[in-house]
Structures are given as C-alpha cells and as structure tokens.
2 protein chains.
Amino acid sequence: MDSQNRAAPVKKIDITPPYLIFVGDETDPSYAKTGLGLVHWRRGHCRGQLRLKPGAVDLGLPDMTVAQARAAGIRSLVVGTAAVGGRVPDAWTGTLIAAARAGLDIVAGLHTRLADMAGLGDAARTSGARLVDIRVPPDALPVGTGRKRSGRRLLTVGTDCALGKKYTALQLARDMTAAGMNADFRATGQTGIMIAGEGIPIDAVVADFVSGAAECLSPDNSPDHWDVIEGQGALFHPGYGAVSHGLLVGSQPDAIVLCHAAGRSHISGWPDFPLPGVAEAIARTVDIGRLTNPDIRCVGISVNTSGLPAAERAGYLAALGDAHGLPCVDPLATGTGPILERLRREFGP
Amino acid sequence: MDSQNRAAPVKKIDITPPYLIFVGDETDPSYAKTGLGLVHWRRGHCRGQLRLKPGAVDLGLPDMTVAQARAAGIRSLVVGTAAVGGRVPDAWTGTLIAAARAGLDIVAGLHTRLADMAGLGDAARTSGARLVDIRVPPDALPVGTGRKRSGRRLLTVGTDCALGKKYTALQLARDMTAAGMNADFRATGQTGIMIAGEGIPIDAVVADFVSGAAECLSPDNSPDHWDVIEGQGALFHPGYGAVSHGLLVGSQPDAIVLCHAAGRSHISGWPDFPLPGVAEAIARTVDIGRLTNPDIRCVGISVNTSGLPAAERAGYLAALGDAHGLPCVDPLATGTGPILERLRREFGP
C-alpha cells in the first residue's frame, strides 16, 4: 500500500514539483513523448533529466544524478518514457529504488504498478516518498450528482480519439491565462495528468463513477474561472463512447470546442466506422450535455491539419468555419485567438 | 487468488447449479430479494435453503445443512440476502467456510470480497471450490470493436433506474421461450447474474471496456436466436448515463423495449432531474444505438404500474401505447404478449 492511499479518500492524483525527468535508456524521441510534453508545457517544473546512457533522448534539461536532484530540492522523479511492451526494464529498477530511498516521489503511468516492483515499496516506506501511479484513479470516487457548480467550464470533444483534444485544451488554457483570463487546464488522461501535476485518469474509472469523477475534477470555483477540461474518447466511437458520455455529463460544460483531424475519414483503428460529420458531432454533444447544462454551446472547431499541404490549411479552416458559423483554428499552426474572442463575446471577459 | 482467476481470461462470471440458498439470520423478506428472485425465476436450480435461525425468511425450499447439501449433489452455496451495511456478519463466516471446505462454490455479491474473508480462501483452496464474487467483472475484458455479430438482440432500456428493466427482460425471455422462440436472458447486474447463472456486472467495469464487455455478453449466435439483455442505468441519468451508453453500443440491439414507471416524475434520488419523456428516451436510444445497428427500433413499452390504482392500469397502458404507436404492457400484470407479437411481426418467428 503506497502512501497515496493511506489518508482520507483522495479525489485527484497529484504530483509534487519540481521534477527530475527519467529518460532511462530510451533513444527514440517518439517513446519519450511524455518527457517532451512536460518540458514543452511545464518547463518551470522540470529541473533536470536522468539518462542511463549517453545516447538517450536529450530533453534539453541539465543531466542530474539522484543525489544531485535531491540536493537541488527536486521532489519527484517522473518517468517520462513509455516502457516498450509495458514491462519495466531491469536497468530502470535500481535507479527508481535509489530515488525513492532518497525521498523523491516516484511518478509513472506504467502497466506495472509501482508498488508491485520488487524493492520499490520498501524504499518508499523508508523515506516517506510516495509512489504515484498515474493510471490508477483515486479511491472512493462518488456517483455523479448533476448538481450545478459555480464557475465556468469548457470541454474539448472530438470526432475521434487521438486528434488533439489534450493539445487544444492545453493551448486554450495557456492562451486564456496569457490574455488575463482566470483559467486552469484539467487533466483526464495520463500525459495530461503529468503535465497538469494533478487530475483523474477518466478512462480507468469504473463506469458507474465516471461522471462523479468528472465532477470532482472541476469543483465549484469563482464565477469568472474557467476549467478547460481535456476530453477523452469520442461519442461516436464504438469502443470509447461511454467515457465521453460520462465525462460530458459530469463536466456540465458551458462551452465545447470540437476537435477534428483534416482528412481523416474513419475512426482510427476501426476502419468500418466512418467519422461523424462535424455538425453531427456537435449536435450529439449538445443533446447529451443539455442534461446538466441547458446552456451548453459550441464555441469553436479545432483542427489538426498536419495531414494537409500547408498551402491548403487556411482555405480549409475558413471553409469549415464558415460552414458551421464557428471560429475554426489549428492551435499548433494558427493559435486559438478566434476561439478566445468568441468565448469572451459569449460569456464576457 | 481464487480459482476463477487462475485460468485463461474468463469473459463471463458463471455459477454452477444446483444451488443451496443461504438465508443467514435474515428475517426481513425485503433483504432476501436475491433469494426470492432466484426461487421465482430459477426454481429448478434451487434445491435447498440454509437458515441460521428458525425465524429467518422461508424461501419455500427444503432446509438443509452443508453436509445434506453436499450429499444431495448441490454444487454452489449462493448468498441470497444482502448484508446490511455491506459487512458480513460473523455468524455467517463459519457456515461459509464449512461449505467451501465441503467443496461447494461460494457465490455472493457482497461489498467484502470473499477472498478477503478470513479463512475462506484457505478453505476453498483445500477443496478446490471457487469463490465467485458477483460484483467483480472478469479480467482482461476487451475494448469494443463494433463488429456486427450474428443472431438477434433485444435490450431493455429505461427512463430511469430501478423501474423494471431486469424484470422485463426476464419475463420477455421466459415468454419468448414458452412461445417456442430461441431466446436467452443476458444478465448485466448482480441479481440478474445470480438468476442467469452467468453474466457480467456491467456497472462495475472500467469505462473503457463497457462496450467490449457488452460484446462478450452477447456473442455470435444462430440467426434466429435472441439475446434478451438486461439494461443498466438510463441515458438521461446524471450519474449512470455512461453505463447505459456503453451497454447500448456494445449490445448493438435490433430491438429495444423502453421501461418506465407510471407516475414517476423525477429521476429517483435526483429530485432536480425530471424524467425524460417516453418519446425522447426512445429517440435518444435509437440515435446512439444506430452507431452499431442502423436498423435499431423500439418494439414496445414496459410500464411498472404498481404506483397506479388497479382500475386505471388498462386505460393508462392503452393511452401510452396509442400515443407512441407501440404495444404497451405491464409485464407483471398483463404479460408481454403484445410485445412478442410485434417482435415476430417485425423480425419473423
């Protein structure tokens, strides 16, 4: 039993900064996406990297040993790479144990539970370090109540999975904050939780508690505050629609942003299922969302245009926006400005 | 680890008949609903009852000791009462251990896992008996594929929870079988699983796997075969909508029967949420269900009329049926005949 579970029911996973990012012996940047994402979105929390060999991916952070990290006041070792095949390489174990023994919390989203890794639980108990499994939802999540909460909420939803719901929410929250708005990103998936430093892995929650978990994730707040909630799954997805439904109802969003991938014709990995139309996806989201927020409305479309020739991007976005009467952006390429503008026009500054 | 988890991934919970129903010291029939339901729906599987004191609820079965049950060829002791407050009374433990030691499988839907009850795991290991926790879904459930399966499926859905989805499905399956149709009840909740002798507790499945679990529950079958699937939750429920969504998409029903409670105006326990209209509930179910079965249609309305004066029942059912152009029954009071008739007209004998 790790210390995370000792206290009264915790309603969110939380991670204590600053971080030492563990890269291990990973040489392929595509398997170090979590570490790269952390550096991109939370540079201020990332104080060092720990690489087990010289050719390992360089995140652009100072290389540190566990002892150096401890001396520098670092509080958590965050595993920033995927263990290929889900198994934790033996070469990692010694370093993680040393870090736990030195009092660093160990944070990971591995298939193996940290507490099940030989020696790691003992090391953590000795020092009082926490073992934080990002894949494991908090205990004792409640059933959704549907009670109206104070503050405002924006949820990113999608025509499919893996097309930019997390990225869009992160960029919106960043741009809203930069524009002087009172906004927080709320994480619902592993990478998002690493970046936010807290959250709930919604897709790992038992179905009866998904909307309750979403309620815990965006509690009452000040009237001008925006929770910008990372969407999960997609309502028209044959595997993951239930997650999206519960997250939508529990989030009771005032505003949604529909995320889409230009050129994608079918649900990724489900070739028999064509993508829903943008209008259809918005309408279904609004239909279901009205249960807990009768004023729910769509404030924009966010498109991943990486599949288009650059010369076609602007025309594509303009045409799609016009067709639906909504601002339409590619957050990576154009920023989220037009969506923020719409948001402020509809809801005030 | 109980023996249920030792083999290759099991896709359903299963219970081996015949049963000894354990009543314990329960004197209030309303806490013995599982036992009473078993006797009502599966009289042939129920060979005896075990009561710890003379005034305990009488299910109308022969009283038996563990030794007598064993001698009579009984294979499973099924806990047929709810442990009030979720805790297992100490008085029960000795009997359950004796039964496990005698080789009877122990079957229960308690909050306490059977394997966590002192001495019970050891007793089961000694004899090879299984400890079957009805609340615990099978391991290794898959993500829903949406693949079209052979055979036919009917799903009961509701305007709310706790208004007769299980009862309607059981009665439909019984009446269909009696009418010579090829039909099986498919259980998705604890009591249903006890009655069916197999099933998956859908509301206890992690959200990402709900539709996959529903697919496992009603696999490919012969073209004339009907799975009659017990619904869970309600699409317009602020807490349990996600479960209903995933079960609907994974069940890919050809036919739905909408269940409703006469006179109920609000979601039970959620007084701020009015019940959806019957037409609205049917339309939403069909909208979402079309994803995996474009031909989904509603074939009837099943109303729990226990809240109405008996003299008003017939008029109420006739008016509701006329308003929606659907057969409308109270299965307990009128049987399901008109729905079966509609089903055969639409899908053939």
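Note that this is a predicted model, so its numbers are computed, not measured. Below, all heavy atoms of this structure are taken into account, side chains as well, without hydrogens, waters or symmetry copies. Throughout, protein chains are lettered first and strands after them, A, B, ... in sequence-line order, and every chain is numbered starting at 1.
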Begin with the C-alpha distance, continue with both residues' side-chain angles, and end with the deciding distance and a verdict on side-chain contact (heavy atoms from CB on, under 4.5 Å) for B/V243 and A/D208. CA-CA 6 Å; B/V243 176; A/D208 258 3; 3.2 Å; yes
Rounded distance (nearest 0.5 Å) linking atom CZ of A/R290 with atom CZ of B/F236: 11.0 Å
OG1 of A/T292 to CG of B/D272, rounded to nearest 0.5 Å, is 12.5 Å
Relative to chain A, which segment of B/V210 carries a heavy atom at a distance below 4.5 Å: side chain, backbone, both, or neither? side chain
Toward chain A: residues of residues 145-156 of chain B with heavy atoms under 4.5 Å: B/T145, B/G146
Heavy-atom pair count under 4.5 Å with chain A, highest-scoring of B/P276, B/S244, B/G241, B/G246: B/G241
Non-hydrogen atoms of B/A242 and A/A207 that approach each other most closely: CB-O, 4.2 Å
Using non-hydrogen atoms and a 4.5 Å limit, figure out which bit of B/I288 sits close to chain A: side chain, backbone, both or neither. both
If you count heavy-atom pairs under 4.5 Å with chain B, which of A/G212, A/G239, A/G233 comes out on top? A/G239
Heavy-atom pairs under 4.5 Å with chain A: which of B/A214, B/G250, B/G144 has the most? B/G144
From B/H237 NE2 over to A/S211 OG, what is the distance, rounded to the nearest 0.5 angstrom? 9.0 Å
Name the member of A/D287, A/V249, A/I202 that forms the most heavy-atom pairs with chain B at distances under 4.5 Å. A/D287
Could you pull out the closest heavy-atom pair between A/V143 and B/W270, with the gap in Å? CG1-CZ2, 3.7 Å
Output the option from B/G269, B/P137, B/P142, B/A204 having the highest count of non-hydrogen pairs under 4.5 Å with chain A. B/A204
Name the region of A/L235, side chain, backbone, both or neither, that has any atom closer than 4.5 Å to a heavy atom of chain B. both
